[in-house]
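Everything below concerns the one structure shown next.
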Amino acid sequence: MKKQYLHQLICSLLFAILITPCYGQAEGYMFRGAIRDKAGNLWFGTTGAGVYRYDAVSKTLTTLTTKDGLPSDHVSTILEDKAGNLWFNTDGGVCRYDGRAFSQLATKESRCPFGVNALLEDRNGDIWFGTNGCGVRRYHPATATFTSFTAEQGLGSDAIQCILEDRAGNLWFGERAGGVSRYDAAAGRFTRFAGGACLSAQIMAITEDRAGNIWFANLYNGLCRYTPASGAFTHLTEADGLCDNNVTCLYQDTKGNLWFGSDAGKAGGTGGGLCRYDGKSFTRFTTKDGLSQMNVWTIVEAPDGILWVGTKGGLYRYHPASGRFIDFTHKMQRSSPN
């Protein structure tokens with residue numbers, strides 16, 4: 001048990017070093033975990049500056065920080081539940097925000113010494129916590145109780161990076177060491193997908209496209225597409241037109257295009273950036289297209305169809321007419337919405 005604890009702790013520290021920006025740089029903070037809420041507002045987590053909210057009506061940015069009740073200003077994941085509450089995953093724990101005040105889950109079962117990486121609300125209203133060494137925790141709000149799932153219950157790994165619920169109600173868990181586990185809620189069992197070389201690296205994100213294919217982002221190994229009808233995996237890399245093999249995030253816009261963010265400067269890649277896939281070919285966006293930062297870690301679409309991209313040093317908004325990204329960082333307001 002001690003060896004496993006030390007192994008997970010070392011992995012957590014190395015990952016923290018990997019994603020933490022240099023705060024001495026003028027570019028600013030790293031943006032992560034962006035979402036669009038039911039009202040159309042955009043929320044961006046950062047490493048060091050709390051949470052930014054872009055108001056869909058006033059078109060202004062405001063912030064939430066520890067001064068407003070956040071446990072920490074390092075926020076990696078954001079979730080909006082069916083009731084409209086926002087859940088923030090911070091390095092000081094997970095908290096819930098009702099629009100006025102923050103509350104943390106006091107139950108010790110919600111905590112993991114290695115931290116939480118992913119949050120998801122399923123169709124039944126349960127909240128799932130993907131942890132970095134304690135498997136998966138399912139929280140049932142009605143009873144305020146937790147159910148734990150680990151490798152002993154069939155989960156492929158106890159270190160989970162991301163979660164997706166597909167249209168059939170299955171839950172997919174992307175693992176830190178490669179591989180994916182799918183949970184069939186009706187049967188109450190896990191099925192592990194190794195995927196061969198296709199899923200041989202850390203799974204950073206999962207999404208389902210309009211055709212029902214499941215896409216997996218590999219931190220060092222490109223993309224993996226799973227076709228449920230045939231059970232086949234397709235591996236896509238730089239050789240197929242992908243901008244970089246170090247894929248950090250993925251997003252499907254309202255037109256059906258898939259966007260892939262990647263990180264520059266890691267082994268096996270050619271410089272990071274952003275790619276758009278229209279189902280036939282990839283289009284790459286780089287510094288020539290206005291992205292002064294090539295380390296892309298989050299993507300979200302506003303109600304007006306404009307794409308926003310968060311990087312290790314700034315926030316960018318896509319301008320469709322020119323095909324360029326506009327740096328929005330300098331327009332940020334450091335005011336609180338409360």
Side-chain angles (χ1 to χ4, degrees), residues 19-81 84-102 104 116-119 205 248-249 251 253 259 261 263 274 290-319 325-338:
I19 68 170
T20 303
C22 178
Y23 292 110
Q25 295 177 349
E27 289 85 353
Y29 300 100
M30 176 177 176
F31 288 80
R32 302 189 66 203
I35 69 161
R36 184 175 78 195
D37 67 21
K38 295 179 179 68
N41 303 308
L42 304 182
W43 296 79
F44 303 91
T46 73
T47 53
V51 177
Y52 279 94
R53 183 185 69 186
Y54 179 73
D55 191 284
V57 178
S58 65
K59 308 297 182 184
T60 57
L61 274 164
T62 53
T63 59
L64 288 168
T65 67
T66 52
K67 295 179 180 179
D68 304 292
L70 266 177
S72 167
D73 285 335
H74 295 265
V75 181
S76 60
T77 310
I78 307 173
L79 165 72
E80 183 186 25
D81 64 26
N85 299 304
L86 290 164
W87 298 67
F88 300 105
N89 178 36
T90 80
D91 63 1
V94 176
C95 65
R96 183 171 52 203
Y97 179 63
D98 64 5
R100 297 178 301 277
F102 291 90
Q104 280 189 275
V116 173
N117 294 321
L119 298 171
T248 53
C249 57
Y251 187 84
D253 65 25
W259 295 78
D263 194 290
L274 182 72
L291 285 175
S292 59
Q293 291 287 335
M294 295 293 286
N295 304 293
V296 178
W297 280 79
T298 193
I299 308 166
V300 67
E301 185 179 14
D304 58 7
I306 300 299
L307 203 75
W308 292 68
V309 173
T311 74
K312 268 190 178 178
L315 186 62
Y316 299 84
R317 186 167 60 179
Y318 185 56
H319 187 250
F325 283 87
I326 309 302
D327 190 344
F328 200 82
T329 313
H330 69 282
K331 298 183 180 180
M332 294 179 178
Q333 299 176 7
R334 299 275 177 177
S335 59
S336 170
N338 294 324

Kindly say whether Ala118 contributes a backbone atom to a donor-acceptor pair with the side chain of Thr77 at under 3.5 angstrom?
-> no
CZ/Phe31 to OG1/Thr46 distance, rounded to the nearest 0.5 angstrom?
-> 6.5 Å
So do the side chains of Leu64 and Phe102 get within less than 4.5 Å of each other, counting heavy atoms only?
-> yes
On a heavy-atom basis, the closest approach of Ala49 and Tyr29 is CB-CD1, 3.4 Å
Grab the two heavy atoms, one from Ala39 and one from Ala56, that are nearest each other, plus how far apart they are.
-> O-CB, 4.2 Å
Compare all side-chain heavy atoms of Phe325 with those of Ser292 and state whether any distance is below 4.5 angstrom.
-> no
Closest non-hydrogen atoms of Trp308 and Ala302, given as atom of the first, atom of the second and distance, are NE1-CB, 3.8 Å
How far does OG1 of Thr66 sit from NE2 of His74, to the nearest 0.5 angstrom?
-> 9.5 Å
List the steps, then state whether side chain to side chain contact (heavy atoms under 4.5 Å, CB included) holds for Tyr52 with Leu315.
-> CA-CA 10 Å; Tyr52 279 94; Leu315 186 62; 5.9 Å; no
Is the backbone N or O of Glu301 less than 3.5 Å from a side-chain atom of Tyr251, with the two atoms forming a donor-acceptor pair by type?
-> yes
Rounded to the nearest 0.5 Å, how far apart are CD1 of Ile306 and CG of Leu42?
-> 11.0 Å
Would you indicate whether the side-chain heavy atoms of Trp259 and Val309 approach each other to under 4.5 Å?
-> no
Here the gap from Thr62 atom OG1 to Tyr54 atom OH, rounded to the nearest 0.5 Å, amounts to 11.5 Å
Taking the side chain as every heavy atom from C-beta outward, state whether Leu61 and Phe328 have any atom pair closer than 4.5 Å.
-> yes
If you measure from CG on Asn85 to CG on Asp37, what distance do you get to the nearest 0.5 Å?
-> 12.0 Å
Is there a side-chain contact between Ser76 and Asn117 (heavy atoms, below 4.5 Å)?
-> no
Non-hydrogen side-chain atoms of Leu86 and Val51 separated by less than 4.5 Å | no
Closest non-hydrogen atom pair, Val116 against Asn89 = O-ND2, 2.6 Å
How close do Thr90 and Pro71 get, heavy atom to heavy atom, and via which atoms?
-> OG1-CB, 3.8 Å
Check: Thr65 side chain, Asp73 main-chain N or O, donor-acceptor pair, under 3.5 Å = no
Atom CG of Asp55 and atom OG1 of Thr60: how far apart are they, to the nearest 0.5 Å?
-> 5.0 Å
Measure the acute angle between the ring planes of Trp43 and Tyr97, then classify it against the limits of 30° and 60° as parallel, tilted or perpendicular.
-> perpendicular
Would you mind checking if Asp263 and Lys312 are paired as a salt bridge, meaning a charged N to carboxylate O distance below 4.0 Å?
-> yes
What's the shortest heavy-atom distance between Ile35 and Ile78, and which atoms?
-> CG2-O, 3.3 Å
